[in-house]
Undergrad: 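If you scroll down you'll find the structure; I have some questions about it.
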Amino acid sequence: MIKLIGLVPLFPLIGFLINSFFGKKMSKGLSGTIACASVLASFIVSVLIFMEVNASQQKSTVIEIFSWINSDTLKIPFSFLVDPLSCLFLMNITGIGFLIHVYSTSYMKDDEGFSRFFTYLNLFVFFMLLLVLGSNYLIMFVGWEGVGLCSYLLIGFWFKNDAYNRAANKAFIMNRIGDLGFLLGIIMIFINFGSISFGEVFNKASSVPTSTITTIALLLLVGAMGKSAQLPLYTWLPDAMAGPTPVSALIHAATMVTAGIYMIVRSNIFYSISDAASECVAVVGAVTALFAALIGLLQTDIKKILAYSTVSQLGLMFLALGVGAYSSAVFHVTTHAFFKALLFLGAGSVIHAMGGEQDIRKMGGLKKALPITFITMLLGTLAISGVPPFAGFFSKDEILAHTYEHSQLLWVVGSIASLCTAFYMFRLMFLTFWGSFRGTHEQQHHLHESPKAMTIPLIVLAALSVFGGLLGLPEFWGAKNWMSENLDSVIIRKNPTILSHETEWTLMAIAVLVALSTIYFAYQMFIKYKVLPADKVADMKPFQRVIYNKFYVDEIYDAIIRKPLDAVSEVLSKLVDKQMIDAAVNGVGDLTLWKASIFRKLQTGHIGFYIMTMVVGVIAIMFFSLMK
Amino acid sequence: MLNQIPINYYIFLSAILFIIGAVGVMARRNAIIIFMCIELMLNAVNLLLVSFSTLHNDPSGQVFVFFIMAVAAAEVAVGLAILSTVYRNIKSIDIDLLSKLKN
Amino acid sequence: MGYSITQWLFGILSFLAIMFALMVVFTRSPINSVLYLVMTFFCIAGHYLLLNAQFLAVVHIVVYAGAIMVLFLFVIMLMNLNEETEQQKTLVTKMIAGIIGGVLLAVMVGTLKGAEQMQITQHGASQIGMVKTLGVVLFKDFLFPFEIASVLLLGAMVGAIMLGKKEIK
Amino acid sequence: MLTGFLIILPLIAALLLFFIKGEGAKKVALIFALAECGISLLAYVWYRSNPNMEALSLNCNWVESLGIKFAVGLDGISLLMVLLTTFLVPLIILSSFKTTYDKPNAFYGLILLMQSALVGVFVANDGFLFYVFWELALIPIYFICLLWGGENRARITFKFFVYTLFGSLFMLIGLIFLYNHTGLDTGIKSWAINDLYAAGRSLTEAQQTFVFWTILIAFAIKMPIFPLHTWQPDTYVTAPTPGTMLLAGIMLKMGTFGLIKWLLPMTPLALEKWGGVAMGFAVVGIIYASCIAIVQKDYKRLIAYSSIAHVGLIAAGILSANQQGVQGAVIQMMSHGINVVGLFLIADILMRHTGTRDITKLGGIRSMNGQFGVLFLIIMLGAVALPLTNGFVGEFLLINGVFKFNAWMGAFAALTIILSAVYMLRSYQAIMLGEKKLNEVVFGSLADSDKAVLIIICIAVIAIGVYPKPLNDLAEPAVKALLMNLK
Amino acid sequence: MKGLFIISGLGVLAMLAEIFKFKRALYPIVLIGILAALVANFTEFNNNMSIDQFNNMIRFDNVALAFSGVILLTAFFWFILANEYFNNETSLADHFSLVLFAITGGLMLTAYSNMTTLFLGIEILSIPLYVLAGSRKNDVRSNEAGFKYLIMGSFASAFLLFGIALIYGATGTFDIMLIRAKINTGTMPMFMYAGVVMMLVAMCFKVSAAPFHFWAPDVYEGSPTVITALMSTIVKTAAFAAFMRLFLIGFGSISDTWGMALAGIIALSLIISNVTAAAQTSVKRMLAYSSISHAAFMLMGILALNAQFSMRAILYYTLAYSIGSIASFTGLYIVSKKGDETYEAFNGLVKRNPMIALGMLISMLSLAGIPVTAGFFAKYFIFTTLIASPYKWLLIIAVLTSCVGAYYYFKIIIAMYFKKSDKHEPVEFEMSHALLLGILTVITIILGLMPDMILNMF
């Protein structure tokens, strides 16, 4: 079965090809079915392979498809690596991918770009699978950029809207900044290790100087920061919400943005060796988690809130990576995929019902109209807020425990971030589903629960969000942490747990307490006192204004990068290129013609003058060649 | 021997005559005078050749002078013929008037 | 220290030659210029005699003073040139010409070196200037140039005639 | 023999074309170009079966007394370039089907003449022959630009001509200098490439430096490398589209090809000393041209500047003189040739359908013609070097090579992947996406010839990106053999 | 040698034609005569009998014969070009004999081996040309051209003679080979070097190198177009043959005296001629400046002092240049029949007569030195010779000025192919001229493809 790993990406690719060539001619139903079926097929193969890997002794297998790039010692086969980590991600991607495909068939039903949508979506799944399957860094990079492309295409799916197009461009370009780091990292790996295949590189890692490893690890981190929307490269993700909601769920919450985590987990040996690099990862993660959570507090667009929440959660995962808790990070990736996909799809359902409205200030009291959506979303919110016994509780707790072990300061930061998470998520819930409806009359009339194709994925995901925690029960409970055992073969150096069980219990208690009290606070605020977010920026307090405006990061980037780049380019184009370099070239020509007009005047036509110049020439020649 | 004359004297005499001729060509406007100055230059050369001929005791230097004379005569003939056509057209032999061709 | 007669003659002839040459250049009247040039030629002929080139001296007088200068005079008269019609270059031009001439002289004085030790020995019995010697050399060694000089003279003749004749209408 | 035939065939075709009047010339030219393409494929097959096959090379005397031979042959790199040429020329001819040119026979004749010279440049194994073809290639393109070009063409094409001539003459001096140092022990001077290599290596460092710079200047102008590039945008904009395609798609590769084959192995010492400086110019050029491309309004000009940026990277890779750099350059030369032809065709299509190439005036075309949007997108992605498109393979190897040479240079050169994304995506957005701006224009379906060319290019973009092995298999050993000379 | 006799004999015959009234038959007779001379010239090739004649006054060795061949061939083409010039009733025979005498002088210059023959050759070449330059008697410009040429030519001759005299003074002989032997064996007095430099100046005047070039543009412009063609081809070839013989063979071993001076002259010529040419509006005048620039190129061949190869390079260059020059003058002659000699005369020529435009195009490319024309190889050979010499730096100037050169040659091309003409009627031309242009074009290409033909001549 492992030999058939090629099938996993092949199915979505076939789906993509069929849809791209014949999509327009097919009915929407057929087109959607093909797309869903291709992902489902992948999912099934993935599960089978996963089971086989689980059962077999040999944990990692490399399957070469064909030789891709050969240049002297640089040999890059197009080959796949099957091991527990990739299998886990495979299932994640294809599983959740399938659910979202199903959801989309209904969500996008009325869109004229229906088949195009599934074309992109299938292509995305294909690239994402490449990303996690690649047995060397470059194949990973192929997937890495490929998903970036699909993200670009899907964010700008409604391409008539220029704001969306700008968001798409921004996503692509910001990702490219990260990709540059990644690419340079790959090249450095090749130069220092002589190979970029995971197996060979990881075996040699301990024989390479730590400083080199640190550089490589930091370059890879830059890549990861771009893709996983970490500070300072996170601003594209909130804007990416311009895409259709299923896209946000699949790409910008569940799968693509976790690629950075996947990559660092894959390269865990580098970070284990280089303390400096892991420290950076941890700090980046912690700061991002807090920063994004703070911004999330005051957002009013339902998808933006979720987006900042995603950034914050990704930050948390980075924190986990930074403190060496790789399996915890993967665990959180998995649970996060469940509940964040759920939340996005739920939000999609709400938006669907609201006829495209995304502002929570215009919603309210939707729980009656959308019961299934309401319940599933509530479960998801509880999961993300870290309320036991939902999935998020376990994964988040594991991360915070490891963080505490590593640095208490980071633990405090992480805890505050999760506190904020709980707050804004419940703010979202309360404002959306409780209270009275604040939208237009027409919208109210139109409110309806979504069709089955949308609610069934919600229910499945809700179930996963509730029970996902079982994948990684805390060891100090005496339970088996399946996640960490599963990834045992992938994590090359593990940090032993040194915390006492008492401390772990205390930390867990604090986390639960904090989460619950925050929820209560939010309840008081939004249900009891019916606080509504200000409509106008002018009504806000200064600090609110800063947060509402996302700390003005976009504006700052605009001012320090985009505008200067444009300005410099203008100067280069108009001044340096035209007025200086080209003018110099033309100047040579003009100078020649100018000199020509002077030389012409020498030709006076007077014989006397000619003779004189002749004699002067004679004098000069005789003088210089004879009177030395 | 007292009646010896250093060849240097002849060289410088010729050079001076040559240069006077050259200055004449540069300083005069009358075409005929200019021709005459060129003749003067040629004669300076003749003088030089004859003196060297005597120095080397070799007649070929003097023979060369005959050729120079022949050429000088031919040049003068042609020159004056051209000059007469010029004169026919512009009624002057002022060389500074002959500067239509320029630049 | 006395000078021999040859040396006296050389000095006088040289001085006169240079004088007359300068007069050729500086005299305003074209006719006078011609006459001064003739005088210069005579001086040069004197030098030839001093140098034992008797035949050449004679030919020189005949060709230059006799033929070429007459031609000049003839043309000058034909064109009715005299002092009044004579156009002068500007003073600046003349000065420049003079300066250039001076510099050229200086350069020549500087470069025409290496003959300090060479002396012309007057061979009393030197035959090289004699008609016979010259004739032998001219018609033996220089036969080809002599013959080909005819082409030169023919060319000059044809040219002069062509320029002189009227167009056939 | 076959190689010689590759040179002769377009020449004969060109001469033949001068006797064909009217529009029929187009088709005849296309048929000949396709035949040429077929022959080059045959050459490829033969070469793969036996690279040293005699039928592939030709070696006869030309100017015997000076050691000049008509020596042509194929190695991996030149075969790739020949394939590129013979692949692109039919496409270029086909892409011009929808435009009516005055005196089509002369127009297509010149294109074929150009092809002949280009093939000659790539297959020459004799320094002198190389130079002759190098110069010959200039004449047809000059006339194509002069006679069928756009506004202000006399001045612009002349600048192009003189600029290039200026460089070539320097190259001639450098080559003659090398030639004069051949056969120092045998006394027989020779223009054969291997003798020139040997001569170059026998020189002192100072002499090599002289040769290096004199020859480099020709290549640098042809490519062009910053700051010798200013002829290029104007010329590209002014030339008729087939001319621009020839210039950017193939002729530009003469410079990079020359750099690989006619400079690298000759002057190892100078390369060691000055390679970094030259590479510095190339790298600065990448960023410089990319920045300028960002603010261009005319799409053709934008592509022109992007071409400077791309070729800067190629040059930097070659100057790094390691396997990855040079091999990457070879692959990227192919890819860039294909992509840039596609992009210029797109610019031409825009011009024909809407009457403008100003990206600020265009917009929303994708909503009118989705197919065009997709084809454009694929070619654009090739240009931004997305993995699994042709641009990536080369660019990855190139950055790898440059990085190996000097990490900072590599890092700066790699900025191209960001900047190219910036200008390409922005322009794509401006032209294709958003609401349509020119209300009176209806962007109908593409002409069959245009569609065919774009589809072929798109297939090539993806095929090379996914499976570059055939190219690599040719390039890798050839580059390896070439670099052996440096040691 | 036989060639020389045949040509001078033809000159005399032309004079007789006036008397015996067979002027009409003269043109074919002359053409046949020149062909005969050409054939005779080649029969002497590789034939030792022809060496050392008339007490070593003249020496038709292979080099001389090769250059004579170039001159005779050019003369043949020139006569075809100049057929209309020989329609003048009044001076028909005169024109013939003058041109033929001038050619005689040119042939002498290729073969002289004595200062006497050098001097006579130069004068025999020059004096008829003074007349020919002024042969449009009623045209002041023609008068002026002849006059300027004469005055300046005589002035330069004076320098030449002064130089000869000084060299004679130092060596006691006029024989080039003896002078060379004397120079090689003993130390020479300083004034001999002054003599060499003066001869250099005079020869530079004859080949019109700066700063002794001033006469050339004016004279070229003022003379009848065909005479200009004659001056820029045959006269130039002859002058170069003479220059080369004198300085490569005669004074080759003392090149440190004149080398630097010549290099300076070349540099100055290249810059002045090319730059000034760029600003011209008259094509004829432009061609004059271009001839100066080509002269500078040929001088580089002499400067390189690579005796064997220099000679071949110069031979090839003279041939290529003569062919290209005659062709461009033919083109100019055809388009300037109405008197307009500016670039505008060429406007839109491709529409009015594509074949003539093509011929002009090839000759312009050849003059600009673009492969695979003869002009390219010419430049290439010069470069090859020079690069081994200490004067490599001249190449840089040569390259830079070549680019300027391309500018003015391409101005014609642009005019022909790009500019619109207000005239649309086809150009009137004689069949013989079109044929000539065609032949010259073919020769230009053939020479470019097979330069070995010329290189292996000696």
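Everything numeric in this text was worked out from a predicted model, so none of it was measured. Residue numbering restarts at 1 for every chain, and letters A, B, ... go by the order of the sequence lines.
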Undergrad: For chain E, which residues from residues 66-75 of chain B have at least one heavy atom closer than 4.5 Å to it?
TA: B:Phe67, B:Ile68, B:Val71, B:Ala74, B:Glu75
Undergrad: Counting only non-hydrogen atoms closer than 4.5 Å, can you tell me which residues of residues 25-32 of chain B sit against chain E?
TA: B:Val25, B:Ala31
Undergrad: What part of E:Phe119 gets within 4.5 angstrom of chain B, counting heavy atoms only: side chain, backbone, both, or neither?
TA: side chain
Undergrad: Atom CD1 of E:Ile151 and atom CZ of B:Phe35: how far apart are they, to the nearest 0.5 Å?
TA: 4.5 Å
Undergrad: What's the spacing between E:Phe191 CZ and B:Asn8 CG if we round to 0.5 Å?
TA: 8.5 Å
Undergrad: What distance do B:Ile11 atom CD1 and E:Phe162 atom CZ have between them, rounded to the nearest 0.5 Å?
TA: 8.0 Å
Undergrad: Is E:Leu161 in contact with chain B via its backbone, its side chain, both, or neither, using a 4.5 Å heavy-atom distance?
TA: both
Undergrad: Would you name the heavy atoms of E:Gly172 and B:Asp58 that are closest together and state the gap between them?
TA: O-OD2, 3.4 Å
Undergrad: Between NE2 of B:His56 and OG1 of E:Thr171, what distance do you get to the nearest 0.5 Å?
TA: 6.5 Å
Undergrad: Answer with side chain, backbone, both or neither: which region of E:Tyr289 has an atom nearer than 4.5 Å to a non-hydrogen atom of chain B?
TA: side chain
Undergrad: For the candidates B:Cys37, B:Gly21, B:Gly79, which exhibits the highest count of non-hydrogen atom pairs separated by less than 4.5 Å from chain E?
TA: B:Gly79
Undergrad: Side chain, backbone, both or neither: which part of B:Leu49 has a heavy atom under 4.5 Å from chain E?
TA: both
Undergrad: What's the separation between atom OG in E:Ser154 and atom CG in B:Leu42, rounded to the nearest 0.5 Å?
TA: 7.5 Å
Undergrad: Measure E:Ile124 against the heavy atoms of chain B and call it side chain, backbone, both or neither at under 4.5 Å.
TA: neither
Undergrad: Counting only non-hydrogen atoms closer than 4.5 Å, does B:Ala81 touch chain E with its backbone (N, CA, C, O), its side chain (CB onward), both, or neither?
TA: neither
Undergrad: Tell me, please, which residues at least two apart from E:Lys284 pass salt bridge (charged side-chain N to carboxylate O under 4.0 Å, His left out).
TA: E:Glu341
Undergrad: Under 4.5 Å, heavy atom to heavy atom: which of residues 82-89 of chain B reach chain E? Give them by number, or say none.
TA: B:Ile82, B:Leu83, B:Thr85, B:Val86, B:Asn89
Undergrad: With only heavy atoms counted, which part of E:Phe214 is less than 4.5 Å from chain B, the side chain, the backbone, both or neither?
TA: neither
Undergrad: Give, as side chain, backbone, both or neither, the part of E:Phe174 having an atom under 4.5 angstrom from any heavy atom of chain B.
TA: side chain
Undergrad: So which heavy atom on B:Met41 is nearest to which on E:Ala158, and how close?
TA: CE-CB, 3.8 Å
Undergrad: Quick check on E:Leu150 against chain B: is it the side chain, the backbone, both or neither that has a heavy atom closer than 4.5 Å?
TA: side chain
Undergrad: With heavy-atom distances below 4.5 Å as the criterion, would you say the side chains of B:Leu48 and E:Tyr168 are in contact?
TA: no
Undergrad: Is the number of heavy atoms from other residues, nucleotides or ligands under 6.0 Å of B:Tyr9 OH greater than 12?
TA: no
Undergrad: Could you check which of E:Gln280, E:Lys148, E:Glu221, E:Arg285 has the highest count of heavy-atom pairs closer than 4.5 Å to chain B?
TA: E:Arg285
Undergrad: With a 4.5 angstrom heavy-atom cut-off, is it the side chain or the backbone of E:Ala279 that approaches chain B, or both, or neither?
TA: neither
